[in-house]
There are 2 protein chains.
Amino acid sequence: MPKVKLQDVADYAQVSKATVSRVLNNHPTVASSIRDRVLNAVQILDYYPDRLARRLRKGTRDVIGVVISDIQNPYFQSVIRAVEDAAYAQQMHIVLCNTDEDTARLNTYLRLLQEENVAGLIVSVTDAEHLELLHALQQNGTPIILIDRLIEGGPMDGVRVDNVDGARQAVQHLLKLGCRRIGILYPPVITGQERLQGYQAALRDAGITPDERLMRVGGYRVESAYHATCELLDDVPDAIFAANSMISLGALRALRVRGLRIPHEVALVGFDDMPWAQDLYVPLTAVAQPTYEIGQEAVRLLLRRISDPNADFRTVTLRTHLVVRESCGIFLQESAST
Amino acid sequence: MPKVKLQDVADYAQVSKATVSRVLNNHPTVASSIRDRVLNAVQILDYYPDRLARRLRKGTRDVIGVVISDIQNPYFQSVIRAVEDAAYAQQMHIVLCNTDEDTARLNTYLRLLQEENVAGLIVSVTDAEHLELLHALQQNGTPIILIDRLIEGGPMDGVRVDNVDGARQAVQHLLKLGCRRIGILYPPVITGQERLQGYQAALRDAGITPDERLMRVGGYRVESAYHATCELLDDVPDAIFAANSMISLGALRALRVRGLRIPHEVALVGFDDMPWAQDLYVPLTAVAQPTYEIGQEAVRLLLRRISDPNADFRTVTLRTHLVVRESCGIFLQESAST
DNA sequence: TTGTAGGCGTTATCAA
DNA sequence: TTGATAACGCCTACAA
């Protein structure tokens, strides 16, 4: 059964294609009797317009490309949800692309999205080396909003959180609780670097010289973080700052396997809150990123750039906040009662 | 800066549009000298084809619509990941639609995807009432694969797990451990009904008459499940079967707040395993669905139907398996040592 | 107020 | 082997 097209509706309603089109796009200049006839024909024939043809003709853009590195990461899940919500509210929709931290896949998807004539991209790039590609895309007229991992060195819109400050807060909290040998496990990406900076700054502020052995790369995944934590534990830290949610889980697991009591023997603070953080083995104290707001803000910036391609480039920086739970918060109670 | 189009490449390479098109689609019948000239022009001008125009002309379909009810649900996250992987492997991509259990939103998205000329849909429908709409879509020529919540009563492809059997296993496990007053919290959807059936069957097999007061709807979300659990606890169950992951979390939280020891006072088994289930307050015993396989299988069925629209309708049923952890597994050890 | 006709960027058919 | 041309389904000057 071939597809019903505009011509079929026109034939049925005994008008021209142009008139049907006008009705469908509710142009004012169409007699109500004719309008009814057309609408009726549409109903009868179960006609629906072809968005491809429409887009090709009108040049409209109503799809947002979302490129992230890991669907399984709670951070991105919340961001995606926010972007989807915001897109839906704008009568737009999203193409979801998971790069899995794979450069080839990122390239493929960026090219694809460009070929799709997307309205714009919301991207979390894996690495600084991709900046060039993104720039080229942008020059080509594709609005791009960076999230999570911003790249300095070029005019781009982006939404970020203050990672340095967030990390500093977390570590300061640990210091206040009396921890002195605070270890850090960070992911090998720019945000990880920033969190490492915050960590070091907090230590220095407290007159402590950062110890190389306590600063380790935790990888991207729970598994690698688990192993990294095991190694870190050889240097007997009294607290661990896990610089993203996957690492938090890996660390939690390692501490559990080692039979170390949290927070009594080792305190734990994570970066990234998770919906079920309070239900973990030990409820996790964490630096919460405003993930939903990040997604919303990203879409807002995107729409802004779409409507005004020459607007000044803007980076929105959001603040994190520390959610204190038992994985180190119990110290607070002890010190408070002391 | 206007977009580079086929004509521009043709002009630059001093050939016709047709020839450029042939090169781009690597037709055999094109002289290699000309081919090189064209490829060079493409390179120089940074030309990339317009997928919209190409699709319109060729009638090809390379996007898969994925319609699910809740991005935040771990079950769907894993399925989405699998679908995305499989799509990528097929040079296709996905439009992700989150319905949030909202009928209006479902309708909007289904219409949208139809207008987008998607290759097919992978859908988790909220309710049986949507069957009609899906049927209409299917009649219209859109391949549809149902996941999670299958609807009997119409010829449709689908991937499902054996919910009745999975639930039965979970409850049998509890029975074997000596539990007698086993409560169930289930979601108000068809899968919830099936799991309820399995629960009841297991009880009857053990000579226990299901008690109405121990069977409660847990809602869709953690919050509602939390409250439902609190009510259920008034009827002092010695075990709880939480029929999806959100409910598991809600139940876990309620038990914790009430200060009930798991599994000593109340044992807990969930449906749906989560990557971090072992890191929970009490590691959760759960009926694990093969989520990744579900996603893969869904795409496989979809491709099958696309290539052969008249193939027999097929429902693939996958098996679950019980992952025993401490939230009730400790009983096993006790009874084993007894 | 309605209809005619051309074009969005590509591919496929036909000649040459 | 290559080029001109129509067509994919729709929208929009422009003319009537």
Side-chain angles (χ1 to χ4, degrees), chain A residues 1-39 41-42 45-63 111-112 114-119 140-141, chain B residues 1-39 41-42 45-63 111-112 114-119 140-141:
Chain A
M1 191 174 61
K3 176 161 159 170
V4 179
K5 48 185 95 163
L6 208 61
Q7 185 64 63
D8 299 322
V9 178
D11 291 349
Y12 189 94
Q14 298 182 326
V15 292
S16 72
K17 292 197 299 178
T19 301
V20 177
S21 175
R22 279 191 275 260
V23 171
L24 261 39
N25 294 280
N26 18 263
H27 267 257
T29 71
V30 51
S32 62
S33 65
I34 298 240
R35 147 174 260 103
D36 290 345
R37 228 164 64 210
V38 170
L39 253 26
V42 166
L45 300 177
D46 189 30
Y47 167 81
Y48 58 93
D50 183 318
R51 291 177 93 97
L52 297 185
R54 180 175 278 179
R55 267 208 285 270
L56 182 61
R57 176 61 237 241
K58 302 225 293 189
T60 51
R61 289 148 188 266
D62 53 5
V63 12
R111 164 54 61 104
L112 168 81
Q114 188 177 25
E115 293 178 359
E116 283 287 358
N117 281 326
V118 292
N140 232 297
Chain B
M1 191 173 60
K3 177 161 159 170
V4 179
K5 48 185 93 163
L6 207 61
Q7 186 63 64
D8 299 322
V9 178
D11 291 348
Y12 189 95
Q14 296 183 325
V15 291
S16 72
K17 292 195 301 179
T19 300
V20 177
S21 177
R22 278 190 277 260
V23 172
L24 260 40
N25 295 279
N26 21 263
H27 268 259
T29 71
V30 49
S32 63
S33 64
I34 298 238
R35 147 174 260 104
D36 291 345
R37 226 164 67 208
V38 170
L39 253 26
V42 167
L45 300 176
D46 189 30
Y47 167 82
Y48 59 91
D50 184 316
R51 292 178 93 97
L52 298 186
R54 179 176 279 179
R55 268 208 286 269
L56 180 62
R57 176 62 235 235
K58 303 226 289 190
T60 52
R61 289 147 187 265
D62 53 4
V63 12
R111 163 55 60 107
L112 168 80
Q114 188 177 25
E115 294 178 357
E116 283 284 358
N117 281 325
V118 292
N140 232 297

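In the text below, chain A, chain B and the rest are named by the order of the sequence lines, each starting its count at 1. Reckoned from all heavy atoms, side chains included, excluding hydrogens, waters and symmetry mates.
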**OP:** Would you kindly compare Ser16(B) and Leu24(A) by the position of their nearest DNA chain D nucleotide and give the one closer to the 5′ end?
**Re:** Ser16(B)

**OP:** Please confirm whether any donor atom in the side chain of Arg57(B) sits under 3.5 Å from an acceptor in the base of dT10(C), or the reverse.
**Re:** no

Subject >> Residue Lys58(A), side-chain heavy atoms: nucleotide from dC10(D), dC11(D), dT10(C) that is nearest >> reply: dC11(D)

**OP:** Would you indicate whether the side-chain heavy atoms of Asp50(B) and Asn117(A) approach each other to under 4.5 Å?
**Re:** yes

Subject >> Residues, nucleotides or ligands: over 12 heavy atoms within 6.0 Å of Gln14(B) CD >> reply: no

Original post:
Using a cut-off of 4.0 Å on non-hydrogen atoms, how would the nucleic acid contact of Lys17(B) be classed: base, sugar-phosphate, or nothing?
Top reply: base

Subject >> Val63(A) vs Arg51(A), side-chain contact (heavy atoms from CB on, under 4.5 Å): CA-CA, chis, key distance, verdict >> reply: CA-CA 11 Å; Val63(A) 12; Arg51(A) 291 177 93 97; over 6 Å; no

Subject >> N or O in side chain of Lys5(B) less than 4.0 angstrom from dG9(C) OP1/OP2 >> reply: yes

Original post:
Around Tyr47(A), counting heavy atoms of other residues, nucleotides and ligands shown, do more than 12 lie under 6.0 Å from its OH?
Top reply: yes

Original post:
Hey, does Ala18(A) reach any base, or is it just sugar-phosphate, or nothing, if we go heavy atoms under 4.0 Å?
Top reply: base

**OP:** Report yes if the side chains of Asn140(A) and Tyr48(B) come closer than 4.5 Å at any heavy-atom pair, otherwise no.
**Re:** yes

Original post:
So what does Arg22(A) touch, heavy atoms closer than 4.0 Å: a base, only the sugar-phosphate, or nothing?
Top reply: base

Original post:
Got a donor-acceptor contact below 3.5 angstrom from the Arg55(B) side chain to the Thr60(B) backbone?
Top reply: no

**OP:** Indicate, with a heavy-atom threshold strictly under 4.0 Å, whether Ile34(B) touches base, sugar-phosphate, or nothing.
**Re:** sugar-phosphate

Original post:
With a 4.0 Å cut-off on heavy atoms, is Ser21(A) in touch with a base, just the backbone sugar-phosphate, or nothing at all?
Top reply: base

Original post:
Between Tyr48(B) and dG9(C), is there a side-chain N or O to OP1/OP2 distance below 4.0 Å?
Top reply: no

Original post:
Phosphate oxygens OP1/OP2 of dT1(D): is one of them under 4.0 Å from a side-chain N or O of Thr29(B)?
Top reply: no

Original post:
Of the nucleotides dT10(C), dT2(D), dT12(D), which has the atom closest to the Val30(B) side chain?
Top reply: dT2(D)

Original post:
Atom CD of Glu116(A) to atom C1' of dG9(C): distance rounded to whole Å?
Top reply: 14 Å

Subject >> Side-chain donor or acceptor of Asp8(A) paired with backbone N/O of Lys5(A) under 3.5 Å >> reply: yes

Original post:
To the nearest 10 degrees, what angle separates the axes at the start and end of the helix from dT1(C)-dA16(D) to dA16(C)-dT1(D), five pairs each?
Top reply: 50°

